[in-house]
Enquirer: 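This is the structure I have questions about; it appears just below.
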Amino acid sequence: MEPGKESRVLVIGGTGHIGKHIVAVSVRHGHSTSILIRDATPSDPAKAQLLTSFVDSGVALIKGDLFNHESLVKAIKSTDIIISAVGPCQLAEQTRIVTTIKEAGNVKRFLPSEFGSDIERVHTVDPVASLYAKKVDLRRLIEAEGIPNTYVCCNGFAETYLPSIGDVKTVSAGPPSDKITVLGDGDVKAVFVVEEDIAVYTVRAIDDPRTLNKIIYMRPPTNILSHNELISMWERKAGKTLHIVRITEVNLLEWIQEKAFPLNILLSIALSIFVRGDQANFEIEPSFSVEATELYPDVKYTTVDEYLNRLL
């Protein structure tokens, strides 16, 4: 980003898990940043506090939502870059954003809500397979409409998987005390990226010509680890040995069918990441994709080793 060339950024889903980080980084990087919100005075104290912090930092709150076309048009016509960080329940509704972008005619870049594995390289089952299919359909629509885009494939959220040392049965619950669940043989490589770093790479990419109409993958070299390697790293730090309970792929598939939302979604994502290795089992093709740490070597990302130190 050149001085004086800051973009006008609209984040849709700006109070969500990854959206809030993107909003904070965008305004910190000097972009004129706004978020689309249904309610500027939410009853949820945490959300209200987040919005207050946004306003204090210079973020504009634009009242509207995906189902109010007039409000969406107004918001989009006043922006250059649109970043969607909507959750699973609104993935299909992003077609409304595409329609409005086409109508407005002023948007320089659209980043749809991806923020995970590359949806066209995953091998998993429902319920998450159906969600991924919606994202694939949206990609094809964006391309058919000729909308400038960047697809962000950040791989695994560190704050989701690392606190439990990769145990998907106890996501975000904290490090295990004595035993840990491992899916498959535990040797498949996965990629873990801290949410703050995901936001930094995303914001760096929004007006970079090298990421236009491309996929940007996030594969920090030191953060590509198997579950077994992650467990060993934690055991050395914590000074303990964990009892490993291994779950076969067959048993995992049974779990996915048996469990209710949201665990069934987490498990079907875990099938792709920890058993089938869909985040690191392919080469990045330079004709249509780039890798974030190679594009922005000046960004000091948080390593898995450093993140685990926070849990001690």
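No hydrogens, no waters, no symmetry mates; every other heavy atom, side chains included, goes into these values. For the single chain, residues carry numbers from 1 onward in sequence order.
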Enquirer: Please answer: with hydrophobic residues joined when any side-chain heavy atoms are less than 4.5 Å apart, are V9 and I82 in the same cluster?
Expert: no
Enquirer: Does anything in residues 104-125 form a side-chain hydrogen bond (donor to acceptor under 3.5 Å, both in side chains)? List the pairs, not counting sequence neighbours.
Expert: R109-T150, R109-T211, E114-R139, S117-Q279, D118-R139, D118-Y217, E120-R139, E120-R140, H123-D278
Enquirer: Is I256 reachable from F261 through a run of hydrophobic residues whose side-chain heavy atoms are each under 4.5 Å from the next?
Expert: yes
Enquirer: At their closest point, which heavy atom of L36 faces which heavy atom of G64, and how far apart are they?
Expert: CG-O, 3.6 Å
Enquirer: With rounding to the nearest 0.5 Å, note down the distance linking CD1 in I37 to CG in L61.
Expert: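 The CG atom of L61 is 4.0 Å from CD1 of I37, to the nearest 0.5 Å.
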Enquirer: Decide if atom CZ of R246 counts as having more than 12 heavy atoms of other residues, nucleotides or ligands within a radius under 6.0 Å.
Expert: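 Yes, the 6.0 Å shell around CZ holds more than 12 heavy atoms from other groups.
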Enquirer: Output, in order, the C-alpha distance, side-chain angles, deciding distance and verdict of side chain to side chain contact (heavy atoms under 4.5 Å, CB included) for E196 and V200.
Expert: CA-CA 6 Å; E196 171 76 9; V200 170; 4.3 Å; yes
Enquirer: Could you tell me whether the side chain of E285 and the main chain of S287 form a donor-acceptor pair under 3.5 Å?
Expert: yes
Enquirer: So do the side chains of K169 and W255 get within less than 4.5 Å of each other, counting heavy atoms only?
Expert: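 K169 vs W255: side chains touch.
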Enquirer: Is it true that a side-chain atom of E291 and a backbone atom of R219 form a donor plus acceptor pair closer than 3.5 Å?
Expert: yes
Enquirer: Just by modelled atom types, is the V128 backbone N or O under 3.5 Å from a matching donor or acceptor in the D126 side chain?
Expert: no
Enquirer: Would you check, one step at a time, whether the test salt bridge (Lys or Arg N to Asp or Glu O under 4.0 Å) holds for K240 with D178?
Expert: CA-CA 8 Å; K240 63 170 66 175; D178 54 0; over 6 Å; no
Enquirer: Considering non-hydrogen atoms only, spot the tightest contact between P175 and W234 and give its length.
Expert: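 Heavy atoms only, the tightest pair is CB-CZ2, 3.5 Å.
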Enquirer: Please find the pair of heavy atoms, one from I284 and one from P286, that lie closest to each other, and give the distance.
Expert: O-CD, 3.3 Å
Enquirer: At what distance, to the nearest 0.5 angstrom, does CD1 of I231 lie from CD1 of I244?
Expert: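 Reported to 0.5 Å precision, the distance equals 4.5 Å.
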Enquirer: Is the side chain of E235 donor-acceptor paired with the backbone N or O of L242 at a distance under 3.5 Å, no angle test?
Expert: yes
Enquirer: Check whether any side-chain heavy atom of D305 lies under 4.5 Å from a side-chain heavy atom of M233, and answer yes or no.
Expert: yes
Enquirer: Hey, does K102 have a side-chain heavy atom less than 4.5 Å from the side chain of V98?
Expert: no
Enquirer: After noting the C-alpha distance and the side-chain angles of R204 and D298, does the key distance pass the side chain to side chain contact (heavy atoms under 4.5 Å, CB included) rule?
Expert: CA-CA 11 Å; R204 289 288 294 269; D298 58 303; 3.0 Å; yes
Enquirer: For the side chain of N228 and the backbone of D185, is there at least one donor-acceptor N/O pair under 3.5 Å apart?
Expert: yes
Enquirer: Please name the pair of heavy atoms, one in P112 and one in Y151, separated by the smallest distance, quoted to 0.1 Å.
Expert: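 That closest heavy-atom pairing would be CG-CD2, 3.7 Å.
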Enquirer: Look at the side-chain heavy atoms of Ile, Leu, Val, Met, Phe, Trp and Tyr, link any pair under 4.5 Å apart, and say whether V168 and I273 land in one connected group.
Expert: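 Cluster IDs for V168 and I273 match.
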Enquirer: For a 4.5 angstrom cut-off between non-hydrogen side-chain atoms, does V304 reach T222?
Expert: no
Enquirer: Check for a donor-acceptor pair, side chain of N213 on one end and backbone N or O of N149 on the other, with a separation under 3.5 Å.
Expert: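 Side chain of N213 to backbone of N149: a pair is present.
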Enquirer: Nearest 0.5 Å, what's the CD1-CD1 distance between I83 and I35?
Expert: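 CD1 of I35 is found 12.5 Å from CD1 of I83.
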Enquirer: Does D197 reach the main-chain N or O of Y301 with its side chain, forming a donor-acceptor pair under 3.5 Å?
Expert: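 No: the side chain of D197 does not pair with the backbone of Y301.
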Enquirer: Between K189 and E229, is there a side-chain N and carboxylate O pair less than 4.0 Å apart?
Expert: yes
Enquirer: Mind checking the CG-CD1 spacing from L111 to I142? Nearest 0.5 Å is all I need.
Expert: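 Here the rounded value is 9.0 Å.
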Enquirer: When Y201 is tested against each of V25, T293, V152 for side chain to side chain contact (heavy atoms under 4.5 Å, CB included), which residue passes?
Expert: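 Single pass found, and it is T293.
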Enquirer: Does E143 have more than 12 heavy atoms from other residues, nucleotides or ligands lying within 6.0 Å of its CD?
Expert: yes
Enquirer: Do Y307 and N223 get their side chains close enough for a donor-acceptor pair, meaning under 3.5 Å?
Expert: no
Enquirer: Donor-acceptor pairs under 3.5 Å, side chain of residues 154-166 to any protein atom, not counting sequence neighbours: which ones?
Expert:
unit_1	atom_1	unit_2	atom_2	d
N155	ND2	M218	O	2.9
S164	OG	Y161	O	3.4
S164	OG	D167	N	3.3
S164	OG	D167	O	3.0

Enquirer: Shortest non-hydrogen contact from V275 to G184?
Expert: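 So the two residues come closest at CG2-N, 4.2 Å.
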Enquirer: Just wondering, do N309 and K237 contact through their side chains at under 4.5 Å, heavy atoms?
Expert: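 Yes - at least one pair of side-chain heavy atoms lies under 4.5 Å apart.
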Enquirer: Given side chain to side chain contact (heavy atoms under 4.5 Å, CB included), test L66 with Q90 step by step and report yes or no.
Expert: CA-CA 9 Å; L66 296 182; Q90 290 188 308; 4.2 Å; yes
Enquirer: Side-chain heavy atoms under 4.5 angstrom apart, residues restricted to Ile, Leu, Val, Met, Phe, Trp, Tyr: same cluster for V107 and I81?
Expert: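 No, V107 and I81 fall in different hydrophobic clusters.
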Enquirer: When you group the ILVMFWY residues by side-chain heavy-atom contacts below 4.5 Å and let the links chain together, are I18 and V27 in the same group?
Expert: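 Same cluster.
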Enquirer: Do the side chain of T79 and the main chain of I76 share a donor and acceptor less than 3.5 angstrom apart?
Expert: no
Enquirer: Does T181 reach the main-chain N or O of V245 with its side chain, forming a donor-acceptor pair under 3.5 Å?
Expert: no
Enquirer: Heavy-atom distance under 4.5 Å between the side chains of E93 and I12, does that happen here?
Expert: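 No; the side chains remain at least 4.5 Å from each other.
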Enquirer: Can you check side chain to side chain contact (heavy atoms under 4.5 Å, CB included) on L267 and K259, steps first, answer last?
Expert: CA-CA 9 Å; L267 291 174; K259 301 300 181 182; 3.8 Å; yes
Enquirer: Taking side chain as C-beta onward, heavy atoms only, is T303 less than 4.5 Å from P220?
Expert: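 They are not in contact (no side-chain heavy atoms under 4.5 Å apart), so the answer is no.
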Enquirer: Quick one: sort the H31 and H29 rings into parallel, tilted or perpendicular, breaks at 30° and 60°.
Expert: parallel
Enquirer: Any donor and acceptor pair, going by atom type alone, linking the side chain of K20 with main-chain N or O of G14 inside 3.5 Å?
Expert: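 Looks like no, no N/O pair under 3.5 Å.
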Enquirer: Taking atom CD as the centre, does E70 end up with more than 12 heavy-atom neighbours from other residues, nucleotides or ligands that are less than 6.0 angstrom away?
Expert: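 Open.
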Enquirer: Might you point out which heavy atoms bring S84 and Q94 nearest each other, and give the distance in Å?
Expert: OG-OE1, 2.7 Å
Enquirer: Got a second to check how far K134's NZ is from I119's CD1, nearest 0.5 Å?
Expert: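 Here the rounded value is 12.5 Å.
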Enquirer: For the NE2 atom of H243 and the OG atom of S177, what is their distance to the nearest 0.5 Å?
Expert: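 The distance works out to 12.0 Å.
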